[in-house]
Enquirer: 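Below: one structure in structure tokens.
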Amino acid sequence: MDRTFVMVKPDGVARGLIGEIVSRFEKKGLRLVAARLEKLPEKRVMEQYREHLEKPFFPSLRHYITSGPVFLMVWEGKSAVTVVRALVGETDPAKAAPGTIRGDFALDIGRNVVHASDSLESAKREIALHFTQEELCSYKRVDEAVLYE
Ligand code: IDP
Ligand code: MG
């Protein structure tokens, strides 16, 4: 079982897409382990996007991510990192396939609705950045007996 970090960005929250996005991961069979609605402090945004600090788009990314509340989540399941990235779609919504979250709900790379960890390593780092160990819930879905071989 892997864990991954997912965040509905301020545009997604403001557009009322939290439920739709949560629903897609639930239907896939993933298990929600933690969640919180929060306006991110600058410091955590810098940590979250540390690989992009020097990129030309970073100032606008930082401004946008702190412009309103985000919905932070941890999802767990078989190959969760890979599965969630596939459900989210490509970074640029213009290239994201229909059926993906970005493919279905976004137009602009700077307003692409959702973030998801890109590797197990970044998932581990991002989960620890936003959640304490105590906030990560341990339970089973009743359908897990038939979801897995
Ligand atoms: P990802 O979110 O698909 O992992 P990254 O390359 O890690 O994509 O970029 C992080 C975020 O930075 C993107 O989701 C997007 O919001 C923003 N971003 C990336 N590239 C650009 C760009 O060229 N212009 C504006 N924003 C960008
Ligand atoms: Mg990324």
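Order of listing sets the numbers, starting from 1, for every ligand and every atom in it.
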Enquirer: Which residue from Met7, Arg85, His115, Glu90 reaches closest to atom 4 (O) of ligand 1 through any of its heavy atoms?
Expert: Arg85

Enquirer: If you measure from CG on Leu37 to CZ on Phe71, what distance do you get to the nearest 0.5 Å?
Expert: 7.0 Å

Enquirer: Does the plane of the ring in Tyr49 sit parallel, tilted or perpendicular to the ring in His115? Use 30° and 60° as the thresholds.
Expert: perpendicular

Enquirer: Tell me whether Leu107 at atom CG has more than 12 heavy atoms from other residues, nucleotides or ligands lying less than 6.0 Å away.
Expert: no

Enquirer: Considering heavy atoms of the protein only, find what lies nearest to atom 16 (O) of ligand 1 and give residue, atom and distance to 0.1 Å.
Expert: Lys9 NZ, 3.0 Å

Enquirer: Looking at Glu38, Arg36, Gln48, Glu135, which one forms a side-chain hydrogen bond (donor to acceptor under 3.5 Å, both in side chains) with His130?
Expert: Gln48

Enquirer: Would you kindly specify which portion of Arg102 sits under 4.0 Å from ligand 1, judged on non-hydrogen atoms: side chain, backbone, both or neither?
Expert: side chain

Enquirer: Pick whichever of Val113, Thr91, Asp118, Val114 has a heavy atom sitting closest to atom 8 (O) of ligand 1.
Expert: Thr91

Enquirer: Give the atoms of ligand 1, by number and element, whose distance to some non-hydrogen atom of Asn112 is under 4.0 Å.
Expert: 13 (C), 14 (O), 15 (C), 16 (O)

Enquirer: With only distance considered, is His52 within less than 3.5 Å of ligand 1 through an N or O on each side?
Expert: yes

Enquirer: Starting from atom 15 (C) of ligand 1, find the nearest protein heavy-atom neighbour and note its residue, name and distance.
Expert: Ile109 O, 3.4 Å

Enquirer: What residue and atom, counting heavy atoms only, is the protein's closest point to atom 12 (O) of ligand 1, and at what distance?
Expert: Phe57 CE1, 3.4 Å

Enquirer: Ser79 and Thr82: side-chain donor and acceptor closer than 3.5 Å?
Expert: no

Enquirer: Look at atom NZ of Lys55 and say whether more than 12 heavy atoms of other residues, nucleotides or ligands are closer to it than 6.0 Å.
Expert: yes

